[in-house]
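As structure tokens, the structure follows; a few thoughts come after it.
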Amino acid sequence: MIQKAQTSGQALAAYVVFKNFYDQEITSRDIIAKFIRYIFEKNHIRTFTLVQIEQYLREEFGFQIPEAVVKSALNAVRKEINISLDHEVYCVDNKTANPINNVDEEKIQHEIETINRLIVLLENYLKKQWVKNKFSRMQLIEELNCFMMDEESKNQDLSAKIYNGTMN
């Protein structure tokens, strides 16, 4: 019963998120592309592989995004700036590197802060409602990632509490 309710809740949450993006004409690829551009700027990256970008996304933001999705987002970035590809190594053309500096870092920082505030609110709610079990912030983020990426939950109890907390 919990699994069925969880699936319905995930579908509803996914609908709300993607409808909001759709209304604003923002694709998930566009959002991931912004994070990739932020990583370029922050780390002054000029040559990289797809695997390295996946690692940066995981280390910097806790995202575990499939390679195909990262590649698609990277292709969106390549439309904005000149990035060549040779034997699985990407290289940013220094002549077109300046647009990377135009990443709206303030907007990205605001989005990160908003996500962090939502995580803190959910974390506080769960701690009040579920005193007997302990969980780390990283476990909560991992469960939210599983939820958003439609992957199998790593912690069924925490996942059920997240679902119940968001549906009440």
Side-chain angles (χ1 to χ4, degrees), residues 2-45 52-74 76-77 80 99-168:
I2 289 178
Q3 184 67 25
K4 185 176 180 181
Q6 220 174 9
T7 302
S8 297
Q10 287 176 341
L12 179 60
Y15 170 77
V16 170
V17 169
F18 284 105
K19 177 68 171 137
N20 187 17
F21 288 159
Y22 178 81
D23 290 346
Q24 295 180 35
E25 297 180 3
I26 298 172
T27 66
S28 55
R29 184 180 81 163
D30 296 333
I31 293 168
I32 295 167
K34 288 180 184 183
F35 284 110
I36 291 171
R37 288 186 60 158
Y38 175 81
I39 288 169
F40 287 170
E41 174 62 23
K42 181 178 182 216
N43 298 292
H44 307 286
I45 296 174
Q52 288 172 318
I53 294 300
E54 288 178 71
Q55 289 173 338
Y56 278 113
L57 288 167
R58 186 173 37 259
E59 291 168 6
E60 193 78 28
F61 303 107
F63 299 153
Q64 290 200 266
I65 301 172
E67 183 177 317
V69 176
V70 173
K71 187 173 184 177
S72 176
L74 187 54
V77 174
E80 298 172 15
I100 294 174
N101 295 328
N102 294 331
V103 173
D104 190 349
E105 193 167 331
E106 186 175 309
K107 187 174 182 180
I108 291 173
Q109 190 60 38
H110 174 71
E111 290 172 6
I112 291 169
E113 289 170 4
T114 300
I115 291 168
N116 282 332
R117 281 194 304 269
L118 291 172
I119 290 171
V120 167
L121 288 171
L122 183 57
E123 185 177 31
N124 290 339
Y125 172 82
L126 290 172
K127 284 182 179 177
K128 286 178 188 174
Q129 299 297 320
W130 200 28
V131 178
K132 66 181 175 182
N133 289 334
K134 301 283 184 191
F135 58 89
S136 69
R137 186 164 206 244
M138 191 50 128
Q139 286 174 308
L140 178 60
I141 291 170
E142 286 175 0
E143 282 305 306
L144 289 172
N145 280 338
C146 287
F147 176 81
M148 294 302 294
M149 299 303 289
D150 198 25
E151 295 175 353
E152 188 173 327
S153 171
K154 294 178 176 117
N155 182 330
Q156 292 294 326
D157 291 337
L158 180 56
S159 183
K161 286 294 184 182
I162 291 170
Y163 169 77
N164 291 334
T166 58
M167 296 307 290
N168 291 331

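The minimum heavy-atom distance between Arg29 and Ala76, with the atom names listed, is NE-CB, 3.7 Å.
Residues that satisfy the side-chain hydrogen bond (donor to acceptor under 3.5 Å, both in side chains) test with Gln24, not counting sequence neighbours, are Asn20.
The closest side-chain heavy-atom distance from Tyr38 to Glu60 is below 4.5 Å.
With Ile32 as reference, Val69 is the one residue of Val69, Val77, Ile53 to meet the side-chain contact (heavy atoms from CB on, under 4.5 Å) rule.
Remark: Ile36 CD1 to Ile31 CD1 distance equals 12.0 Å, nearest 0.5 Å. For the atom pair CZ (Phe61) and CZ (Phe35), the distance works out to 5.5 Å, reported to the nearest 0.5 Å. If you take CD on Gln52 and CD1 on Ile39, they are separated by 11.5 Å, rounding to the nearest 0.5 Å.
At most 12 heavy atoms of other shown residues, nucleotides or ligands fall within 6.0 angstrom of atom CD in Glu25.
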